[in-house]
Amino acid sequence: MSLAALWAFAAWVTLRDGINLAWVAVYNKGVAQPSETLLLELQQERRMSVTRLADPGRVSRSALEAQRARTDAAAANFRRLADGGDVRLAAGDDLRQRIDQAFQRLNQLGPGRDAIDAGHTDRAQAVAAYTDVADALFQTYYALATLHDDEIAKDTRTLIGLNWARELISREDALLAGIIAEGRFTGSEAAQFTQLVGAERYFMAQSQTDLEQADPAAYARLSKSADLARLHTLEDLVSQQGRPGGFVPVTAEQWQQASSHALTQLHDIVATAGDTLVGRSTPVAAGVILRLVLAGVLGLVAVVASVVLAVTTARTLVRQLEKLRAAALELANERLPGVVERLAQGEKVDVAAEAPPLEFGGDLIGQVGAAFNTVQETAIRTAVEEAQLRQSIRDILLSLARRTQSLVHRQLTLLDVMERREADPAELKDLFRIDHLATRMRRNAENLIVLSGASPARAWRRSVPMVDVVRGALAEVEDYTRVTVLPMGQVGLTGRAVGDVIHLLAELIENAVSFSPPYTTVQVGGQSVASGYAIEIEDRGLGMTPEDLDATNERIANPPEFNLSSTARLGLYVVSRLAERHGIRVSLKASAYGGTTAVVLLPRDLVIEAGEELSGEDTGPLPEQERGARRIALVGAPEVVPEPAQEVVVPVPSAPEPPRPAPPAAFTPGGLPLRVPQASLAPELADQPPSRLDDEDDRRSPEDIRKIMGSFQSGTRRGRSEAAKLAREGREGEDDQ
């Protein structure tokens, strides 16, 4: 596009010069020749008008009218040619404006003629009327001299200067003809004549100097002209002897003969030089046009060739770049993600096979392609090394977690033995606290196992009641005393998911406890729903913004690849992995109390309702649970080991007794029913004979009874002291708050 623009500009400049020179013939035919004829007729009419004003007898009315007719014909011809379409097309704005100005001056010539005929004007005003038209015509000549060819423009200005000198001689002729007709100089006519002579001599000398190089023949004729020499002699004589009120030193015949010959000779020289100039401009214009054709055609060929070469080269480059782009996109969107995915699945990857070198040629783009081959090989090798590094880190984490977990299990076993052997309440409390810390350490070790992608070692064969699952999760939380467990129902959890669900609930409960004020409680409740079993963990904290809730739910639903640099929410990552393993859905929502509620939805295949049989690893129905209110066994409280149950012998009747009729209803005076002993018992339990337990109590020795009573008293004292201590700690905690 740039080359085409430069070619168009150069072609236009050359074409403009050629067209400008080609218009010279149009200017000469339409403006110069008709205006020259008009100028000659105006000069003759001016001389006759001034002479008639001075002496009407010298110029008859009919001769003046005949001259005016010739002037009008020349003016009409000038109007027709100068206002033609070819001149208007060739002329610029300046030339059109000056031609219009000449037309206006010609229109003002009529009133001047009327004033001359009526005798209402003097000779100076009459001369000025014709001089204004002549000046307008010379302005058109100066507009014609603005050609782009310097030599032709200079020669044109030289001819205009000669023509202007001729106009000044004509003005001298008209002025002196009037003075001769008057017979003497009046006013400032002598000074005006002298000024005209000086101006004519100046322009004549300047034009001769320029004409010497432009047209030597015309210069020789002009410099050796006897008519001009005779005219200059008469001019000098009149200028030297002319005085205001004095007589003219030359006769009318002498002056008219000298001036007419000089004017005719100058006209011939200007006309001949003008024809020569027009003839010179024609071949110059043809040469310019020829150069234009050659330059335009050759330039156009160069432009077309450049365009073809550019398009061909560009297409070749584009094809190579498209190939390089396709290879880069394939690496970024297909091969590299596929390699990373296979590495994540534990497959081995051959770098040379996954990053084959691409051939792009030996040019610069080929070198870029070679660099790209190195880049893709380095990228895949880096991905392989990073995957190996991650696998090594996971193996290290798993090894450390397994070792820590083994040590913690041994520590918990040892603590259990020590707790059973210890009788001091203070020491037993500390042991329970150490036991609780070890339990939390075991969960942290399991976090490392989950992060490494393995499964924890804890597992259950049989199903576990849901309330025991929640209790197990509370045992791994530090502030378990701030957790309130609501009724969970007669529901159990399959053994294969017990360990992971306990771990998951412990993470969520600890999160709820940690991010809520210490004086608030966390409620844990559950209920059966259509798709399984839902456990809700609700805290009374400050809550989370909707944006944080959405981001957290997205992180739990779609867990990202584990990154060692993003450990700010490690618990959520563990929760998401545990939930993903068993198809559990975990979501967070805003609580009505201003906190956050975590909803854990266990799928149907992990939940066992009361009385259901469990297939697979579980071997029996869900065990029946005691009715009534549940109490959570605190980890810090001393463990009570129940005594072995004594055998109770219940006789079985040989035949079922008929049902006992219900006693008649009795009411108190206030309308309340009276309580009847054994009325609410089953018939099998009513009026049972005493068991052999009483007999065995009677047969016990005093030493056995003393041991039993001592154990009862020591247990009572220990319970009272523990209750008093707990009450005292509670009051101190209230005072601190």
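Residue numbers start at 1 and run along the sequence shown.
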Closest contact, heavy atoms only, [X] versus [Y]:
| X | Y | result |
| --- | --- | --- |
| L504 | L578 | N-CD1, 3.8 Å |
| G525 | L486 | CA-CB, 4.0 Å |
| M466 | Y533 | CG-CE2, 3.7 Å |

Give every donor-acceptor pair under 3.5 Å between a side-chain atom in residues 583-601 and any protein atom, sequence neighbours left out.
| from | atom 1 | to | atom 2 | distance (Å) |
| --- | --- | --- | --- | --- |
| S591 | OG | E538 | OE2 | 2.5 |
| S591 | OG | Y593 | N | 3.2 |

Please list, chain by chain and in numerical order, all residues satisfying salt bridge (Lys or Arg N to Asp or Glu O under 4.0 Å) with R482, sequence neighbours excluded. D479
Check salt bridge (Lys or Arg N to Asp or Glu O under 4.0 Å) between E580 and all other residues, then give those that pass, not counting sequence neighbours. R577
Taking only residues two or more places apart in sequence or in another chain, which ones pass side chain to side chain contact (heavy atoms under 4.5 Å, CB included) with [X]?
| X | result |
| --- | --- |
| E330 | E334, R335 |
| I434 | Q411, L415 |
| A512 | V522, I537, D539 |
| E510 | R440, R443, V477, S514 |

Would you mind checking if K429 and E422 are paired as a salt bridge, meaning a charged N to carboxylate O distance below 4.0 Å? no
Side chains of E476 and E507: closer than 4.5 Å at any heavy-atom pair? no
Interatomic distance, H503 atom NE2 to L508 atom CG [nearest 0.5 angstrom]: 10.0 Å
Using the rule given for salt bridge (charged side-chain N to carboxylate O under 4.0 Å, His left out), can you reason through E609 versus R604, listing the C-alpha separation, both sets of side-chain angles and the distance that settles it, and then say yes or no? CA-CA 10 Å; E609 299 290 344; R604 188 68 185 173; 3.7 Å; yes
Going by the rule side-chain hydrogen bond (donor to acceptor under 3.5 Å, both in side chains), which residues pair with T545 if we only count those two or more places apart in sequence or in a different chain? D548
Only counting residues at least two apart or in another chain, list the ones meeting side-chain hydrogen bond (donor to acceptor under 3.5 Å, both in side chains) with Q527. none
Test side-chain hydrogen bond (donor to acceptor under 3.5 Å, both in side chains) on N558 and E554 and set out the steps. CA-CA 6 Å; N558 301 308; E554 177 64 23; 2.6 Å; yes
